[in-house]
Q: 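Have a look at the structure that comes next, please.
Please read these numbers as outputs of a predicted model, since none were measured by experiment.
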Amino acid sequence: MANEVTIPLLPCASIDEVAEFYVMLGFTLTYRQYRPNAYLSVRREEIDLHFFGIPGYDPASSYSSCLIQAEDPRELYEAFAAGMRAVYGRVLLTGIPRMTRPRRDGFLFVDPGGNWIRVVPSVREREVTRNGLSRALTNAVTLAGSHGAERQALKILEGALAREVHASEEERASALEFREELLERLGLRS
């Protein structure tokens with residue numbers, strides 16, 4: 001068979017909050033149902049996401065996640081960031097919802113349902129990480145983004161920055177940029 005499509009069904013406490021959030025990011029509501037079960041679908045270009053409501057669902061305890069492969073994650077990040085700035089006056093880096101800054105390997109956002117949405121380069125665009133600083137940055141992003149372990153991520157990143165003195169300027173700049181984000185998320189910078 002060809003042209004199969006897989007669409008994730010993600011949980012949330014309120015389809016209305018989720019709808020507002022995704023409209024802010026530039027998605028279009030394609031379906032909303034309240035009875036017999038709360039259900040919502042949104043679409044932006046080729047990205048389809050569907051949500052189902054669970055009364056009493058706690059977004060902070062969510063383990064739900066999905067992956068979006070994009071030709072240009074930075075372009076998508078800029079569109080999402082513009083929507084956040086228009087509504088909140090800034091890009092939210094902490095709490096729920098929130099969004100990380102983009103890196104070579106993409107970015108992450110958490111919606112009001114507590115769903116972790118990872119936006120990564122299309123498979124053919126991904127690069128294999130080989131050196132120590134790039135590997136440490138990837139590990140730090142994963143720890144902070146997937147596990148909420150910002151302090152551990154900062155420790156790993158600072159250790160690699162001190163050890164990997166021969167890393168390229170681009171790699172150092174990416175690592176330092178994420179270090180600043182971690183410091184801000186930990187409340188150590190304003």
Q: Step through it carefully: locate the ring centre of Phe51, locate the ring centre of Tyr39, and say whether they are under 6.0 Å apart.
A: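 For Phe51 and Tyr39, the ring centres are not under 6.0 Å apart.
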
Q: Once rounded to the nearest 0.5 Å, what's the spacing between atom OH of Tyr77 and atom CG of Leu108?
A: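 Answer for the OH-CG pair, Tyr77 versus Leu108, is 11.5 Å.
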
Q: Apply the test side-chain contact (heavy atoms from CB on, under 4.5 Å) to residues Met84 and Arg90: give CA-CA distance (whole Å), side-chain angles for both, the deciding distance (0.1 Å), then the verdict.
A: CA-CA 6 Å; Met84 265 192 187; Arg90 63 188 174 91; over 6 Å; no

Q: Kindly compute the distance separating OH (Tyr31) from CG (Leu40), expressed to the nearest 0.5 Å.
A: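 Taking OH in Tyr31 and CG in Leu40, the distance rounds to 10.5 Å.
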
Q: Over all heavy atoms of both residues, which pair between Ser134 and Arg104 is shortest? Give the atoms and the distance, please.
A: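 Where Ser134 meets Arg104 most closely, the heavy atoms are OG-NH2, 4.3 Å.
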
Q: So how far is it from Cys66 SG to Ile7 CD1, rounded to the nearest 0.5 Å?
A: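 If I round to the nearest 0.5 Å, the distance is 11.0 Å.
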
Q: Quick check for you: to the nearest 0.5 Å, what is the distance between Arg85 atom CZ and Leu92 atom CG?
A: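 Here the interatomic distance stands at 10.5 Å.
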
Q: Just verifying a value: how many Å separate Glu184 CD and Leu186 CG, rounded to the nearest 0.5 Å?
A: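 So the CD of Glu184 and the CG of Leu186 are separated by 10.5 Å.
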
Q: Could you see if Leu76 belongs to whatever hydrophobic cluster contains Leu67? Use Ile, Leu, Val, Met, Phe, Trp, Tyr and a side-chain cutoff under 4.5 Å.
A: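 No.
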
Q: Give the C-alpha distance, both sets of side-chain angles, the deciding distance and a yes or no for side-chain contact (heavy atoms from CB on, under 4.5 Å) between Ile15 and Tyr34.
A: CA-CA 9 Å; Ile15 61 170; Tyr34 290 99; 3.9 Å; yes

Q: Does some side-chain heavy atom of Arg32 sit less than 4.5 Å from a side-chain heavy atom of Asp16?
A: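 Touching, per the 4.5 Å side-chain cut-off.
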
Q: May I have the step-by-step check of side-chain contact (heavy atoms from CB on, under 4.5 Å) for Val18 and Leu49, ending in yes or no?
A: CA-CA 11 Å; Val18 168; Leu49 298 171; over 6 Å; no

Q: Determine, stepwise, if the pair Arg179 / Leu161 fulfils side-chain contact (heavy atoms from CB on, under 4.5 Å).
A: CA-CA 10 Å; Arg179 180 182 179 277; Leu161 280 164; 4.0 Å; yes

Q: Which heavy-atom pair separates Ser41 from Thr30 by the least distance, and what is that distance?
A: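 For Ser41 and Thr30, the tightest heavy-atom pair comes out as OG-OG1, 2.5 Å.
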
Q: Between Arg185 and Glu180, does at least one N-O distance fall below 4.0 Å, as a salt bridge requires?
A: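 No, no charged N to carboxylate O under 4.0 Å.
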
Q: Strictly below 4.0 Å, N to O, side chains only: are Arg101 and Glu177 in salt-bridge contact?
A: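 So Arg101 does not pair with Glu177 through a salt bridge.
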
Q: Kindly say whether Glu164 contributes a backbone atom to a donor-acceptor pair with the side chain of Arg172 at under 3.5 angstrom?
A: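 It does hold such a pair.
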
Q: Hey, any chance Val23 and Val91 share a hydrophobic cluster, counting ILVMFWY side chains that come within less than 4.5 Å of each other, even indirectly?
A: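 Yes, because Val23 and Val91 connect within a single hydrophobic cluster, where side-chain heavy atoms sit under 4.5 Å apart.
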
Q: Return yes if some donor-acceptor pair links the side-chain N/O of Ser65 with the main-chain N/O of Ile117 below 3.5 Å, else return no.
A: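 Pair absent, no side-chain N/O of Ser65 close to backbone of Ile117.
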
Q: To the nearest 0.5 Å, what is the distance between CD on Glu171 and CG on Leu137?
A: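 If I round to the nearest 0.5 Å, the distance is 9.0 Å.
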
Q: Please determine if Glu181 and Arg103 form a salt bridge, counting it only when a charged side-chain N lies under 4.0 Å from a carboxylate O.
A: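 Salt bridge: yes.
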
Q: Can you give me the closest heavy-atom contact between Cys12 and Gly113, atom names plus distance?
A: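 Shortest heavy-atom contact: CB-CA, 3.9 Å.
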
Q: If hydrophobic clusters are built from ILVMFWY residues whose side chains come within less than 4.5 Å, do Leu183 and Phe178 share one?
A: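 Yes: a chain of side-chain contacts under 4.5 Å links Leu183 to Phe178.
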
Q: Kindly give the heavy-atom pair with the smallest separation between Pro73 and Pro121, and that separation in Å.
A: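 Nearest heavy atoms, Pro73 then Pro121: CG-N, 3.5 Å.
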
Q: Would you say Glu78's side chain and Ala82's backbone share a donor-acceptor pair under 3.5 angstrom?
A: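 It does not hold such a pair.
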
Q: Run Thr28 and Tyr22 through side chain to side chain donor-acceptor pair (under 3.5 Å) and show every step you take.
A: CA-CA 8 Å; Thr28 301; Tyr22 282 94; over 6 Å; no

Q: Is a side-chain N or O of Arg98 found less than 3.5 angstrom from the main chain of Thr100, in a donor-acceptor match?
A: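 Absent.
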
Q: Using a 4.5 Å cut-off on heavy atoms from C-beta on, say whether the side chain of Tyr57 contacts that of Ser62.
A: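 The answer is yes, as the side chains (C-beta and beyond) meet within the 4.5 Å cut-off.
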
Q: With a 3.5 Å distance limit and no angle check, can you tell me whether Arg118 reaches the backbone of Ile68 through a side-chain donor-acceptor pair?
A: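 Checking the backbone N and O of Ile68 against the side chain of Arg118, no donor-acceptor pair under 3.5 Å is found.
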
Q: Can you find a pair of side-chain heavy atoms, one from Arg74 and one from Phe107, that are under 4.5 Å apart?
A: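 With C-beta onward as the side chain, the pair stays apart.
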
Q: Quick check: is Val87 connected to Leu25 through a chain of hydrophobic side chains (ILVMFWY, heavy atoms under 4.5 Å apart)?
A: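 Yes, same cluster.
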
Q: If you compare all heavy atoms of Leu157 against all heavy atoms of Ala175, which two are closest, and at what distance to 0.1 Å?
A: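 What the structure gives for the nearest pair is CD2-O, 3.4 Å.
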
Q: Show the nearest heavy-atom pair for residues Pro11 and Asn115, with the distance to one decimal.
A: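 Distance-wise, the nearest heavy atoms are O-ND2, 3.0 Å.
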
Q: Give a yes or no on whether Val119 and Met99 share a hydrophobic cluster (residues Ile, Leu, Val, Met, Phe, Trp, Tyr; joining criterion: side-chain heavy atoms under 4.5 Å apart).
A: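 The answer is yes; both residues are in one hydrophobic cluster.
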
Q: Give me the ring orientation class for Phe109 and Phe80: parallel if the planes are under 30° apart, tilted from 30 to 60°, perpendicular past 60°.
A: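 Perpendicular, since the angle between the ring planes exceeds 60°.
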
